[in-house]
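Some notes on the structure that comes next.
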Amino acid sequence: MPASIPTSLASWNVNSIRARKDRTLAWLETYQPEVLCLQETKVTDDAFPRADFEALGYHVTTCGQKTYNGMALLSRTEPSDVIRRFDDDDAEPEARFLSARFADLQIICVYVPNGQVVGSDKYAYKLAWLDRLQRHLERHCDPDQPLVLCGDLNIAPEDRDVCEPAAWAETVLCEPGVRDAFRRLCGWGLVDTFRLHHDAEKLYSWWDYRQLAFQKNQGLRIDHILVTRTLSRRCTRVQIDRQARKGKGASDHAPVLATFSNEG
DNA sequence: ATGGTTGCTTAGCAA
């Protein structure tokens with residue numbers, strides 16, 4: 001078993017790293033994952049509060065922009081082969097794709113476009129973006145090698161991932177087009193680690209700030225850790241940390257944490 | 001009831 005396989009890896013849409021810095025630092029100290037993939041950092045690379053995370057012993061790899069989107073990879077070891085934005089388009093204005101290598105392990109962190117409303121220009125962009133992600137995997141990655149694709153996919157893959165499936169069915173998080181895209185990613189060779197360990201369970205990773213959605217548990221599971229076969233065999237546990245969504249000053253997303261063993 | 005909440009940036013957008 002390669003030594004580079006992390007014992008644990010997490011993904012969290014923090015909805016601004018500057019607004020969530022203290023919560024993120026505290027969470028890291030508690031769970032101490034090998035890698036934490038952040039989305040919606042909402043900050044340019046030069047303004048990312050990297051020193052605070054480096055002080056905890058993490059390398060900080062950012063792919064940010066002003067105001068919107070943005071990701072960061074916090075990791076115990078330093079990555080190589082960092083790719084920011086799809087490498088087939090240097091002009092891509094939105095920071096939504098960050099890929100890095102840790103020895104023989106490839107990690108791709110994504111913040112998939114939300115899409116706003118089915119039928120809108122933004123929704124067409126979401127579907128096109130998901131196609132580009134699929135193409136990236138097909139052209140540049142190997143499903144037989146250790147690879148993690150994680151982040152805010154803005155897709156609830158099945159009805160069991162949705163509080164009220166009928167009410168959400170025609171929204172940008174659930175309608176058939178995005179669920180097809182999710183299935184195509186899995187068809188390439190990815191496994192939804194959460195469903196390895198939670199079958200019929202309805203657990204969510206995002207709750208709207210409005211209408212007391214969290215208190216009423218009106219959520220959806222749209223944040224995912226997908227892995228190739230060689231890693232799914234070693235995935236021993238996946239948790240969604242609801243605790244982190246609680247209280248004033250929380251992100252509207254909870255972190256997802258996957259644990260791996262070195263035994264295959 | 002087309003609302004409501006949050007963050008960034010400062011009235012409006014995105015989620």
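Order of the sequence lines fixes the chain letters, A, B, ..., with proteins taken first and strands second; residue numbering starts at 1 for each chain.
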For nucleotides [N] and [M], find the distance between their [atom1] atoms and express it as a whole number of Å.
N	M	atom1	result
B:dT9	B:dT5	P	22 Å
B:dG3	B:dC8	P	24 Å
B:dA1	B:dG7	C1'	26 Å
B:dG4	B:dA14	C1'	15 Å

Can you measure [X] atom [atom1] to [N] atom [atom2] for me and round it to whole angstrom units?
X	N	atom1	atom2	result
A:H253	B:dA15	NE2	P	10 Å
A:Y123	B:dA15	OH	C1'	16 Å
A:I222	B:dA15	CD1	P	11 Å
A:D121	B:dA14	CG	P	11 Å

Does A:R96 reach a base, just sugar-phosphate, or nothing at all? Heavy atoms under 4.0 Å.
sugar-phosphate
Regarding A:F214, tell me which of base, sugar-phosphate or nothing describes its non-hydrogen contacts under 4.0 Å with the strands shown.
nothing
Checking A:V118 now: which residues fulfil side-chain contact (heavy atoms from CB on, under 4.5 Å) with it, not counting sequence neighbours?
A:Y123, A:V172, A:E175
Please name all residues satisfying side-chain contact (heavy atoms from CB on, under 4.5 Å) with A:E94, sequence neighbours left out, ordered by chain then number.
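Applying side-chain contact (heavy atoms from CB on, under 4.5 Å) to A:E94 gives A:Q65, A:N69, A:E92, A:R96, A:Y125.
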Quick check against the 3.5 Å criterion: does A:R245 have a side-chain atom that pairs as donor or acceptor with the backbone of A:D252?
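A pair under 3.5 Å: yes.
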Please write out which residues are connected to A:F214 in a hydrophobic cluster, directly or through intermediates, given that two of Ile, Leu, Val, Met, Phe, Trp, Tyr count as joined at side-chain heavy-atom separations below 4.5 angstrom.
A:Y204, A:W207
With B for base contact, S for sugar-phosphate-only contact and - for none (protein heavy atoms under 4.0 Å), nucleotides 1-12 of chain B reads ---BBSSSS---
Sequence neighbours excluded and cut-off under 3.5 Å, please list the side-chain donor-acceptor pairs for residues 183-190 of chain A, or say none.
unit_1: A:R183; atom_1: NH2; unit_2: A:D180; atom_2: OD1; d: 2.5
unit_1: A:R184; atom_1: NH2; unit_2: A:D131; atom_2: OD1; d: 3.3

Enumerate, atom names and distances included, each donor-acceptor pair closer than 3.5 Å involving a side-chain atom of residues 41-49 of chain A, sequence neighbours excluded.
unit_1: A:T41; atom_1: OG1; unit_2: A:G70; atom_2: O; d: 3.3
unit_1: A:T41; atom_1: OG1; unit_2: A:M71; atom_2: N; d: 3.3
unit_1: A:K42; atom_1: NZ; unit_2: A:N15; atom_2: OD1; d: 2.9
unit_1: A:T44; atom_1: OG1; unit_2: A:D46; atom_2: OD1; d: 2.8
unit_1: A:D45; atom_1: OD1; unit_2: A:T62; atom_2: OG1; d: 3.1
unit_1: A:D45; atom_1: OD1; unit_2: A:G64; atom_2: N; d: 2.7

